[in-house]
*Asks:* 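Submitted below is the structure of interest, expressed as structure tokens.
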2 protein chains.
Amino acid sequence: MEFKEAKNKFVQTWGALGSQWGINKTMAQIHALLMVSNEAVSMEDIMEELQISRGNASMNLRALMDWGIVYKEYKAGERKEFFTAEKDLDELASKISRERSKREIKPALKILKEVSTIEAKDSAEEKHFVDQTSKLYDFVLKADNVLDKMTEFNENWLGKLILKIMK
Amino acid sequence: MEFKEAKNKFVQTWGALGSQWGINKTMAQIHALLMVSNEAVSMEDIMEELQISRGNASMNLRALMDWGIVYKEYKAGERKEFFTAEKDLDELASKISRERSKREIKPALKILKEVSTIEAKDSAEEKHFVDQTSKLYDFVLKADNVLDKMTEFNENWLGKLILKIMK
DNA sequence: TTAAACTTTCAAAAATAATTGAAAGTTTGT
DNA sequence: ACAAACTTTCAATTATTTTTGAAAGTTTAA
């Protein structure tokens with residue numbers, strides 16, 4: 001396979017993976033493109049490579065910056081802006097999980113807590129509801145924490161040992 | 001809050017969370033409904049509670065069964081089918097992560113391997129591409145394994161200890 | 001074998017999400 | 001202050017995904 005073909009394949013794949021996980025395809029593609037670029041890329045070039053409009057590029061770059069995984073860069077003597085992606089993968093994972101936690105998990109937890117603390121009265125139906133949603137609350141809370149710590153865990157010497165033991 | 005209201009809130013929230021993670025809203029809502037039902041529910045009742053069509057109910061129940069997190073049940077003397085959800089949360093997480101791995105991560109890994117093993121020639125651009133995609137391959141592979149083991153890890157006494165230490 | 005009681009399928013319709021492009025906004029240099 | 005070089009915004013359009021509903025399919029009981 002040739003470089004250009006490989007790069008395109010990577011960008012397409014990352015885009016598809018993104019949309020399966022609720023991330024807009026173009027956003028994931030821009031991110032992919034920046035991830036494998038060794039230098040900052042202009043909006044013009046992004047539009048050209050991905051064949052997208054200026055508005056689309058602008059909005060999705062903004063979204064990526066809001067997630068904290070793409071940065072603006074200025075080049076001396078150049079008026080236009082350039083963009084780079086966070087390339088450290090542990091950092092990337094950490095930022096994505098922090099954002100998803102903040103935007104999606106935390107609000108869901110809040111609701112779970114609310115609904116799991118209603119007066120259960122005496123019907124088996126209501127008891128089961130309270131029981132199940134309470135368990136779910138605990139579980140999601142725990143999973144959210146584990147994700148927070150995953151990077152740390154993966155780097156951790158003890159973690160590595162445990163991973164080996166568990167295999 | 002009253003039971004009915006709480007139940008509805010839970011179903012809606014679970015549905016919204018699902019769609020943010022690339023799972024169709026109705027599918028997540030049906031799953032939510034079954035999760036908090038203490039007995040198996042008929043398609044008729046699902047349609048009624050969620051206000052959806054027969055076709056929609058049928059297709060999404062099928063999808064949930066394909067994921068292995070909803071089961072068909074037959075009641076003696078009843079002609080129609082009833083449905084229940086996997087209620088054990090560790091089992092649920094394990095099945096979801098296994099399926100997502102099989103359907104999405106594994107195919108993506110295959111492509112990542114392909115594109116990361118091209119001849120890098122000598123340009124810095126191509127070298128960076130190979131380097132970054134290789135790192136990504138390793139990272140995704142590792143993350144995929146960690147997810148596989150997470151349940152196990154969470155149940156594990158040693159794991160619990162480590163979690164405490166890491167906090 | 002027939003028909004009632006169900007479930008599944010899928011083309012068409014509806015709902016939702018993403019994209020465009022041009023006008024408005026901003027910044028910088030002269 | 002002006003205008004060139006950019007970026008952002010957002011209403012309208014387009015693409016994608018989901019949902020519907022009725023016809024076709026299946027199973028069961030008599």
Side-chain angles (χ1 to χ4, degrees), chain A residues 11-34 40-67 70-84 100 103-104, chain B residues 11-34 40-67 70-84 100 103-104:
Chain A
V11 168
Q12 297 307 322
T13 304
W14 209 238
L17 196 62
S19 43
Q20 285 169 320
W21 287 77
I23 287 142
N24 146 353
K25 187 184 66 171
T26 301
M27 184 169 156
Q29 288 182 342
I30 294 177
H31 181 247
L33 187 61
L34 296 179
V41 183
S42 71
M43 203 159 91
E44 210 66 48
D45 287 346
I46 292 169
M47 287 163 60
E48 165 67 23
E49 280 222 51
L50 302 180
Q51 290 292 303
I52 58 173
S53 71
R54 189 173 296 288
N56 197 4
S58 174
M59 291 176 100
N60 282 113
L61 279 166
R62 151 66 67 105
L64 285 163
M65 291 188 296
D66 288 347
W67 277 61
V70 160
Y71 315 113
K72 248 184 206 171
E73 256 181 32
Y74 299 95
K75 287 193 185 176
E78 292 255 30
R79 197 133 156 193
K80 62 173 166 251
E81 300 170 335
F82 293 81
F83 301 89
T84 22
R100 290 211 99 148
R103 296 177 192 208
E104 297 153 15
Chain B
V11 168
Q12 297 306 321
T13 303
W14 209 239
L17 196 62
S19 43
Q20 286 168 320
W21 286 77
I23 287 141
N24 144 356
K25 186 183 69 173
T26 302
M27 186 169 153
Q29 286 181 342
I30 295 177
H31 180 247
L33 186 63
L34 296 179
V41 182
S42 70
M43 203 158 92
E44 210 66 48
D45 287 346
I46 292 170
M47 289 164 57
E48 165 68 22
E49 280 222 51
L50 303 180
Q51 290 293 302
I52 58 174
S53 71
R54 188 173 296 287
N56 198 4
S58 173
M59 291 176 101
N60 283 114
L61 280 165
R62 152 65 68 104
L64 285 163
M65 290 188 295
D66 289 347
W67 277 61
V70 160
Y71 316 114
K72 246 182 205 172
E73 256 181 33
Y74 298 95
K75 287 193 185 174
E78 292 258 27
R79 197 131 155 192
K80 63 173 163 245
E81 300 170 335
F82 293 80
F83 301 88
T84 23
R100 290 210 99 147
R103 296 177 193 208
E104 296 153 15

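Just so we're clear, the structure is a prediction, and the values are computed from it rather than from any experiment. Numbers restart at 1 for each chain; the letters A, B, ... are given by sequence-line order, proteins then strands.
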*Asks:* If you assign A:E44 and B:I23 each to the DNA chain D nucleotide with the nearest heavy atom, which residue ends up on the more 5' nucleotide?
*Replies:* A:E44

*Asks:* Need two values: the first and the last nucleotide of DNA chain C, 5' to 3', having an atom under 4.0 Å from any heavy-atom of chain B.
*Replies:*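 Terminal contacting nucleotides, 5' to 3': C:dA4 to C:dC10.
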
*Asks:* Between A:S19 and B:Q51, which residue's closest nucleotide on DNA chain D lies nearer the 5′ terminus?
*Replies:*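 The residue mapped nearer the 5' terminus is A:S19.
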
*Asks:* CD/A:E104 to CH2/B:W21 distance, rounded to the nearest 0.5 angstrom?
*Replies:*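 Between A:E104 CD and B:W21 CH2, I get 6.0 Å after rounding to 0.5 Å.
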
*Asks:* Among B:R54, B:K80, B:R79, which residue meets the salt bridge (Lys or Arg N to Asp or Glu O under 4.0 Å) test with B:E44?
*Replies:* B:R54

*Asks:* In this structure, how many angstroms lie between the P atom of D:dT19 and the CG atom of B:N60, rounded?
*Replies:* 6 Å

*Asks:* Which residue, A:V70, A:N56, A:L61, forms the side-chain contact (heavy atoms from CB on, under 4.5 Å) with A:I30?
*Replies:*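 Option passing the side-chain contact (heavy atoms from CB on, under 4.5 Å) with A:I30: A:L61.
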
*Asks:* Distance check needed: D:dC10 P versus A:R62 CZ, whole Å only.
*Replies:* 11 Å

*Asks:* Between atom NZ in A:K25 and atom P in D:dT16, what is the gap in whole Å?
*Replies:*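 Spelled out: NZ on A:K25 to P on D:dT16 is 6 Å.
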
*Asks:* Can you tell which of B:N60, B:D66, B:L64 makes a side-chain contact (heavy atoms from CB on, under 4.5 Å) with B:R62?
*Replies:*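 Single side-chain contact (heavy atoms from CB on, under 4.5 Å) partner of B:R62 among B:N60, B:D66, B:L64: B:D66.
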
*Asks:* Please say whether more than 12 non-hydrogen atoms of neighbouring residues, nucleotides or ligands are located less than 6.0 Å from CD in B:E78.
*Replies:* yes

*Asks:* For the CE atom of B:M43 and the CD1 atom of B:I46, what is their distance to the nearest 0.5 Å?
*Replies:* 8.0 Å

*Asks:* Quiz question: going by heavy-atom distance under 3.5 Å, is there a donor-acceptor pair between the base of D:dA29 and the side chain of B:R79?
*Replies:* no

*Asks:* Starting at atom CD1 of A:I52, determine the distance to atom P of D:dA15, rounded to an integer number of angstrom.
*Replies:* 16 Å

*Asks:* Measure the distance from CG on B:L50 to P on D:dT18 and round it to the nearest whole Å.
*Replies:* 16 Å

*Asks:* A:K80 NZ to D:dA4 P: how many Å, rounded?
*Replies:*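 Whole-Å distance recorded here is 18 Å.
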
*Asks:* Students often get this wrong, so: under 4.0 angstrom with heavy atoms, is A:N24 touching a base, only sugar-phosphate, or nothing?
*Replies:*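 The residue A:N24 makes sugar-phosphate contact but no base contact.
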
*Asks:* Using 0.5 Å steps for rounding, measure from the OG1 atom of A:T84 to the CD atom of A:E73.
*Replies:*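 Going from the OG1 atom of A:T84 to the CD atom of A:E73 covers 4.0 Å.
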
*Asks:* Tell me the interatomic distance from A:N56, atom CG, to D:dA15, atom C1', rounded to whole angstroms.
*Replies:*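 That distance rounds to 12 Å.
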
